[in-house]
Amino acid sequence: MSDLLEELNPKQKEAVENTEGPCLVIAGAGSGKTKVLTYKIAYLLKEKNVKPWNVLAITFTNKAANEMKERTAKLIGENINDLWLGTFHSICVKILRKFIDRLGFDNSFAIFDTTDQKTLVKNCLKELNIDSKMFAEKSVLNEISNAKNEMLEPEQYNFKYADDYRKKIIGKVYTLYQRKLKENNAIDFDDIINFTIKILMENPDVLEYYSEKFKYILVDEYQDTNKSQFTLVTLLASKYGNITVVGDNDQGIYGFRGADITNILNFEKDFPGTQVIKLEQNYRCTGNILKAANAVIKHNENKYDKKLWTENEEGALPYVYCGEDEYAEANFIIEQINRLKREEYYKYSDFAVLYRMNSQSRAIEDKLRIEDIPYKIVGGLKFYERKEIKDAIAYLRLISNQSDNLSLERIINEPKRGVGKTSIDNIRELANQNDTSMYEIIKNADKYIPRIYSNTREFISTIEELKSLDVPVSELITETLNKTGYTQSLKNENTVEAESRIQNLEEFLTVAEEFEKESADKSLTEFLNGISLASDTDSLEDTDNVVTLMTLHSAKGLEYPTIFLVGLEEGIFPGYQSMDNPADIEEERRLFYVGITRAKQHLFMTFARRRTIFGSTSYNPPSRFLKEIPKDILEGYEDAMQEKSLADEFEDVALEWNYGRKHDAYSLKNKVKTYKADDNYLNENKVATFEAKDSYLKENKTSSTSSFGRTAESFLASLQAKKTNSTDISKYKVGQRVFHKKFGEGVITKLEPEDDDIKVDLDFEKAGHKRLMAKFAGLEILE
DNA sequence: ACCGTCGCCATTTTT
DNA sequence: TGGCGACGGT
């Protein structure tokens, strides 16, 4: 085992050997981050004789956890079952399963996913008679989740925001939401970590136990931790302080989910005596790709400046391409795939197409299908979110935990048992009044309901029967689907869709069988916990020889010989939502950086002159990020820009147009307010811009009923106008009658050259006096 | 209780 | 454009 360290470069070696005390490893893309982590675990066990159960290694994804398990097992060549290696959530669930009774929950607690959460919030809003227009469940849930990320319990939240009208109401929802969770004996994702923290903080014996146990702690992707995760780690490391965190401040792309990049930036402060080690040698990308990546990330304010370097060859220059529209963009991708397959013997699985949002996949898919190129899409519809799977899970959840009202409501009339909305409302109401579960109400219907619903009675006896079965999970599923008539009712439908649902259920059965084979604890609760924490991307395998399509976010941690970064346009990437906040732009830039550094050999970056989004056409300028890469390390840049030049000339209009299209005056105003309130962001220009845009919008709003289509139209008109006018401004004279798309007919009263444009004063018959720029006015000359 | 239609809305999402 | 929730008709 002494050769363990010899496979590492000096920096990696330093990171591995440095076992005592806090250690921060800034690991650039492709610098062997996982290698350092796994070797460090191996080093601890083999060289330092640390017991495996004294080591805790935390990752964010199951995928990363599995990879780490495999690689560690290979290194130390024996079983690693005693090692605590898992995701934040799985580790916390493990702790909760043991100690959640300290918070008054039962150990068979359910974990509510996003859909459950939404339903629950909806119920709360209804119960509190809150206008769901003003308080959309989505935004309320978001707010609750944010509160949890900041580790504010309902009481603290209410206290903190006692004088904020809106938040006061949300606080009420939050309070009820938590109460309902408890009634359902359920917790949500955020609770998993927060409750663990709560138990540790309120129970010295538990804290003592775990902080003593975990003598060495390692955390992966530390830049993506949020406040709770930081707190958890801090608590667990409180006794020994041997904590190694690995991360890359340039790859933090989950800020919108509460990840707090300051965790990694402040690590040295938080853990005095920290050894900082930077891994800057990249083993993945070619020199030119790396240069592009470095050039881009340089534009971010950065505490841990690093400069990635590589011994790899320079390679091909990253290529820039501009297509007429998104289909041309797709065609380009296909051409390149075919070319590289032919010329450099690449396989389909060597290519990945990365985009900013899922909806961008459509055009590419269409073209790939036409060309018969096999592909797969990562993300999108998730297995566990399919209706039939959720139904099956709901049955299992109810069997495991009868307090789970949500699951009960989901399946009490699925398949149809003639239990309608009214009955369910009644039962829910009764459960509320009697402070018990809906299940209990139905089960003891004679005690609560004068008239007994015979069809619900049958439902209960089926569940009771299933509950009493002492069989493996897979068999329980089969029994459930049979006894409840679920499969039968699908068969009766006799449609293609129903057939595929049945197949999915069979797949689900396979998942259960797998679980029985692999898991030490084969209980139903364990199974349910497992699937609550599972996600599709975990099982992303590259065994199939197909092209991969996915969002940039999903691509994190992956690598491909050839990468296509598509849709590099202002408003798309960076997305329009980020354009007004410098911090958001930096996150977008990190995302771009992540995208670039996925590529091992070839990088293609594409954008389109024209693109259809949400049913209407937009003309977006090329992404500012492209311009941050020095032209001399790009191929095709000039051509692409020339292609784009027409639209590019109108950058301002295009930007404004995007803006008007996406933001209504209300949300804009709010933004201005937020900016004004927050001194850190206060910037006179910014506010002024907002206000200008605000009034621009108002103007537009009043002039058209559907600002959406109309704004697009008038933008197009102005584009069109520019085309003709730029050659023909000569026709503009004082006194000339003209027509304007929005203001109608009018007369030119004054002309004044400005830069390469002309300021035109006009008197309109209806709209009155206006001053417009000739370029954008789109005036039609009337003879 | 179920189905159709209308109108609204629109990132990213490790768990 | 397309997916989803709200509403109203049978």
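Every heavy atom of this structure was used, including side-chain atoms; hydrogens, water molecules and symmetry mates were not. Quick note on labels: first sequence line is chain A, next is B, and so on, each numbered from 1.
Looking at which nucleotide of DNA chain B each of A:Gly575 and A:Val419 is closest to, the 5′-most match is held by A:Val419. Each of A:Glu588 and A:Asp224 was matched to the nucleotide of DNA chain B holding its nearest heavy atom; the match closer to the 5' end belongs to A:Glu588.
Among the atoms of the strands shown, base atoms are found under 4.0 Å from some heavy atom of A:Ser578. Residue A:Lys416 is in sugar-phosphate contact alone, with no base atom involved, counting any heavy-atom pair closer than 4.0 Å across all strands shown. Here A:Tyr254 lies in heavy-atom contact (under 4.0 Å) with a base.
No aromatic stack links A:Phe614 and the base of C:dG2, using centre distance under 5.5 Å and interplanar angle under 30°.
Remark: A:Phe573 engages A:Phe592, A:Phe625 in a ring pair (Phe, Tyr, Trp, His ring centres under 6.0 Å) (not counting sequence neighbours). Residues satisfying the ring pair (Phe, Tyr, Trp, His ring centres under 6.0 Å) test with A:Phe564, not counting sequence neighbours, are A:Phe604.
A side-chain donor-acceptor contact under 3.5 Å links A:Asp188 and A:Tyr177.
As a whole-Å value, the separation of A:Ile377 CD1 from B:dT13 P is 12 Å. Going from atom CG of A:Asp113 over to atom C1' of B:dT13 covers 13 Å, rounded to whole Å.
Between A:Ser90 and the phosphate of B:dT15, there is no side-chain N or O to OP1/OP2 separation shorter than 4.0 Å. Of the side-chain N and O atoms in A:Ser554, one or more sit less than 4.0 angstrom from OP1 or OP2 of B:dT13.
Distances from the side chain of A:Phe256 to the nucleotides B:dT11, B:dT15, B:dT12 place B:dT12 closest. Residue A:His553 places its side chain closer to B:dT12 than to any other of B:dC2, B:dT12, B:dT15. In the set B:dT11, B:dT15, C:dG2, the nucleotide with an atom closest to the side chain of A:Arg362 is C:dG2. Of the candidate nucleotides B:dT12, B:dT11, B:dT15, B:dT12 has the atom nearest to the side chain of A:Asn358.
Taking the six-membered ring for Trp, A:Phe195 and A:Phe105 have ring centres closer than 6.0 Å.
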